[in-house]
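These numbers were taken from a predicted model, which means no experiment stands behind them. Remember, it's 1-based here, ligands and their atoms both numbered in the order they're listed.
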Amino acid sequence: MSGVEHAVEIRDLHKSFGELEVLKGIDFSVEPGQVVCVIGPSGSGKSTLLRCVNLLEQPTSGRVVLEGIELTDPDVDLDAARRRVGMVFQQFNLFPHMTVLENVMIAQRRVLKRGKAEADRVARENLEKVGIAEKCDAYPAQLSGGQQQRVAIARALAMNPALMLFDEPTSALDPELVGDVLAVMRKLAEEGMTMLVVTHEMAFARDVADRVVFMDGGVIVEDGPAAQVIGDPQQERTKAFLRRVLDPTHTDV
Ligand SMILES: Nc1ncnc2c1ncn2[C@@H]1O[C@H](COP(=O)(O)OP(=O)(O)O)[C@@H](O)[C@H]1O
Ligand SMILES: [Mg+2]
């Protein structure tokens, strides 16, 4: 292992679905404690990239290295590696027949084999962290979308991930609920969580991210400090995208 260990390192990553090449050679890395936001138009391959990072999709070629462990090595213990990565999706995917507390306990019990008392304690700690400890006994349908998404974040955090992936975590929320979820993510970032976040929330990306990566057509067009990529983009494609997303009259991105 070399001296510097990235939290995650992606090298020449390609992914095709049949004839369709969605990722055309992606290179980047995230350092421990960094927040990297991925922006780009719909269909540019952002979700596919995230899904390749925890091997929900098998890359066609290239390397994904998580904390020095090559996930793309056929001999790797994928389940063990995946446990190091938490994922939060646009849809919250909570179990509707379980309470909030049970939702945050189940993977701890089944996957990490934690005892009931410990899983309960860790669940309550993380529900406290996301600001909904008082909803422990509620069912998902009794919560707002923003509260459900915060439960989903607590559920991921309860597994003690080294890296958190967020795929448009606020895109399915009513506008007035977006802020609470972003506030939780901002707090995680301040606490030093390593995060890779696909988002259209440019203010969040500008304020919270260390780096912003702009993807278009399955390649990284621009990768740099957040203030630079959003405030002073160098590439025409990035400029055109930002003009569209920052124009409040334009919603079709
Ligand atoms: N499982 C799949 N099978 C076939 N095509 C897919 C699959 N997943 C994604 N795609 C295609 O890959 C392209 C990129 O999709 P995606 O990664 O979801 O983009 P983004 O998240 O940037 O909107 C799209 O053209 C999409 O239709
Ligand atoms: Mg997507």
Side-chain angles (χ1 to χ4, degrees), residues 8 10-30 35-64 66 71-72 78 82 85-93 145-146 148-149 152-153 156 163-175 177-178 181-182 185 195-206 208-209 211-224 226 229-230 233 235-247 250-253:
V8 63
I10 292 160
R11 287 294 160 245
D12 201 24
L13 184 70
H14 291 254
K15 175 65 184 176
S16 297
F17 295 105
E19 296 286 287
L20 180 69
E21 191 179 29
V22 173
L23 300 179
K24 302 174 180 170
I26 300 283
D27 286 278
F28 78 103
S29 50
V30 183
V35 178
V36 176
C37 283
V38 179
I39 62 173
S42 179
S44 58
K46 305 179 302 293
S47 293
T48 304
L49 171 62
L50 244 55
R51 293 168 62 80
C52 282
V53 170
N54 65 354
L55 276 274
L56 282 175
E57 296 286 356
Q58 182 68 41
T60 307
S61 66
R63 285 163 26 102
V64 177
L66 180 73
L71 300 190
T72 31
L78 255 192
R82 278 203 191 108
V85 183
M87 183 131 184
V88 175
F89 303 90
Q90 189 172 324
Q91 301 303 334
F92 330 119
N93 306 319
Q148 290 186 55
Q149 189 61 300
I153 294 172
L163 170 69
M164 285 283 287
L165 306 177
F166 293 86
D167 192 355
E168 299 198 33
T170 60
S171 293
L173 301 179
D174 292 334
L177 304 176
V178 168
V181 171
L182 293 180
M185 293 169 63
M195 296 163 56
L196 184 55
V197 183
V198 175
T199 186
H200 291 296
E201 295 290 334
M202 292 303 140
F204 175 85
R206 189 187 55 224
V208 179
R211 271 173 39 232
V212 169
V213 170
F214 172 64
M215 275 181 75
D216 193 10
V219 299
I220 292 179
V221 174
E222 196 156 345
D223 175 352
V229 174
I230 293 176
Q235 303 294 326
E236 272 313 315
R237 278 197 278 175
T238 319
K239 290 179 194 174
F241 173 76
L242 287 169
R243 270 198 301 277
R244 290 204 305 278
V245 290
L246 296 173
D247 174 358
H250 189 112
T251 53
D252 176 30
V253 287

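In terms of protein heavy-atom proximity, atom 19 (O) of ligand 1 is nearest to G45 N, 3.2 Å. Protein heavy atom in closest approach to atom 18 (O) of ligand 1: S47 CB, 3.6 Å. Protein heavy atom at the shortest distance from atom 25 (O) of ligand 1 is L20 CD2, 3.9 Å. When only non-hydrogen protein atoms are considered, atom 17 (O) of ligand 1 lies nearest to T48 OG1, 2.6 Å.
Remark: the backbone N or O of V197 is not paired with any side-chain donor or acceptor of K46 at under 3.5 angstrom. Under the 3.5 Å distance criterion, the side-chain polar atoms of D27 are matched with a main-chain donor or acceptor of D12. Remark: the backbone N or O of N54 is paired with a side-chain donor or acceptor of R82 at under 3.5 angstrom.
You'll find the side chain of V85 stays beyond 4.5 Å of the side chain of V8, heavy atoms only. Looking at heavy atoms from C-beta onward, F28 lies in side-chain contact with L196 at the 4.5 angstrom threshold.
Residue contacts with ligand 1 leave out G218, since none of its heavy atoms falls under 4.0 Å from the ligand. Within the structure, ligand 1 has G43 among the residues with a heavy atom less than 4.0 angstrom away.
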Note to self: Would F17 and V22 count as a side-chain contact (heavy atoms from CB on, under 4.5 Å) here? Give the steps.
What the structure shows: CA-CA 7 Å; F17 295 105; V22 173; 3.5 Å; yes
Next item on the list: Given side-chain contact (heavy atoms from CB on, under 4.5 Å), test T48 with R51 step by step and report yes or no.
Entry: CA-CA 5 Å; T48 304; R51 293 168 62 80; 5.7 Å; no
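Distances from atom 27 (O) of ligand 1 to the protein include no heavy-atom value under 4.0 Å. Per-atom contact check: atom 13 (C) of ligand 1 touches the protein, criterion being a heavy-atom distance below 4.0 Å.
Between C52 atom SG and L23 atom CG the span is 5.5 Å, to the nearest 0.5 Å.
In V22, the part holding a heavy atom less than 4.0 Å from any atom of ligand 1 is the side chain.
With 2.8 Å as the limit, T48 does not count as an N, O or S neighbour of the Mg ion (ligand 2).
For ligand 1, the atoms lying closer than 4.0 Å to a non-hydrogen atom of P41 are 22 (O).
Residue F17 has no nitrogen or oxygen atom sitting less than 3.5 Å from a nitrogen or oxygen atom of ligand 1, judged on distance alone.
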